[in-house]
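See below for the structure under consideration.
Predicted, not measured: the structure shown is a model, and the values here were computed from it. Just so it is clear, the values below take in all heavy atoms, side chains as well, and ignore hydrogens, waters and symmetry mates.
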Amino acid sequence: MISAQVAALEEGGLEPATAQWLAMTTEKADEGGVRFSYDLDAVRALYDDHCQTDLLPEARTLDDADRLGLVIAGKVDVVPRDLGLKHTYLLEESGHNVHVDALPELLDVVVGTHGADWV
């Protein structure tokens, strides 16, 4: 059943990785179809809270102490490109799923910034 859901989502224009992720969040509906299994009221409350929270001052403090790096997905036009942080990494070819779309580049950032921590 999930493969049919993935195919339908892909036909609707979603990338395969996104379609697979969304299909995992479905369940059978009483009417014989499927529905998303999310508690949409909880999702809305979390989203509203997220939109009202400004952590940029804290991020700047951590950035100044070399304790924060920001990875920006280049194909997503949500995060401003210049937030005034010195440790910002733009992965041009990635969408929302950076770990899927640009894993080698993401690993370069992580190893380049934290590799010494693992020795």
Hydrophobic cluster identity match, L90 and L56, side-chain contacts under 4.5 Å
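Shared cluster, yes.
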
Any link between V110 and V100 through a network of hydrophobic side chains (Ile, Leu, Val, Met, Phe, Trp, Tyr) touching at under 4.5 Å?
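Hydrophobic grouping puts V110 apart from V100.
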
Can you list the other members of the hydrophobic cluster that holds L103, where links are side-chain heavy atoms under 4.5 angstrom apart?
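When side chains under 4.5 Å apart are linked, the cluster holding L103 also contains L107.
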
Residue pairs involving residues 56-70 (criterion salt bridge (Lys or Arg N to Asp or Glu O under 4.0 Å); sequence neighbours excluded):
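Listed once each, the pairs are D66-K86.
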
Nearest heavy atoms of [X] and [Y], plus distance in Å:
| X | Y | answer |
| --- | --- | --- |
| G95 | A73 | O-CB, 3.0 Å |
| A23 | L9 | N-CD1, 4.0 Å |
| L22 | T25 | O-OG1, 2.6 Å |

Only counting residues at least two apart or in another chain, list the ones meeting salt bridge (charged side-chain N to carboxylate O under 4.0 Å, His left out) with E27.
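E27: salt bridge (charged side-chain N to carboxylate O under 4.0 Å, His left out) contacts with R35.
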
Which residues pass the salt bridge (charged side-chain N to carboxylate O under 4.0 Å, His left out) test with D48, not counting sequence neighbours?
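Testing D48 for salt bridge (charged side-chain N to carboxylate O under 4.0 Å, His left out), a comparison that skips the adjacent residues, returns R44.
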
Could you grab the distance from atom [atom1] of [X] to atom [atom2] of [Y], nearest 0.5 Å is fine?
| X | Y | atom1 | atom2 | result |
| --- | --- | --- | --- | --- |
| Y47 | L40 | OH | CG | 14.5 Å |
| H96 | E15 | NE2 | CD | 13.0 Å |
| Y89 | L70 | OH | CG | 10.0 Å |
| L46 | D41 | CG | CG | 11.0 Å |
| D101 | L106 | CG | CG | 10.5 Å |
| E10 | T18 | CD | OG1 | 9.5 Å |

Under the rule for side-chain contact (heavy atoms from CB on, under 4.5 Å), what residues qualify as partners of D49, not counting sequence neighbours?
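D49: side-chain contact (heavy atoms from CB on, under 4.5 Å) contacts with T53.
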
Just distance, no hydrogens or angles: give the donor-acceptor pairs under 3.5 Å from side chains in residues 76-84, sequence neighbours left out.
{"residue": "R81", "atom": "NH1", "partner": "V76", "partner atom": "O", "Å": "3.4"}
{"residue": "R81", "atom": "NH1", "partner": "V79", "partner atom": "O", "Å": "3.2"}
{"residue": "R81", "atom": "NH2", "partner": "G74", "partner atom": "O", "Å": "2.8"}
{"residue": "D82", "atom": "OD1", "partner": "G84", "partner atom": "N", "Å": "3.0"}

How about N97 and W21: do any of their side-chain heavy atoms sit closer than 4.5 Å?
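Not in contact.
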
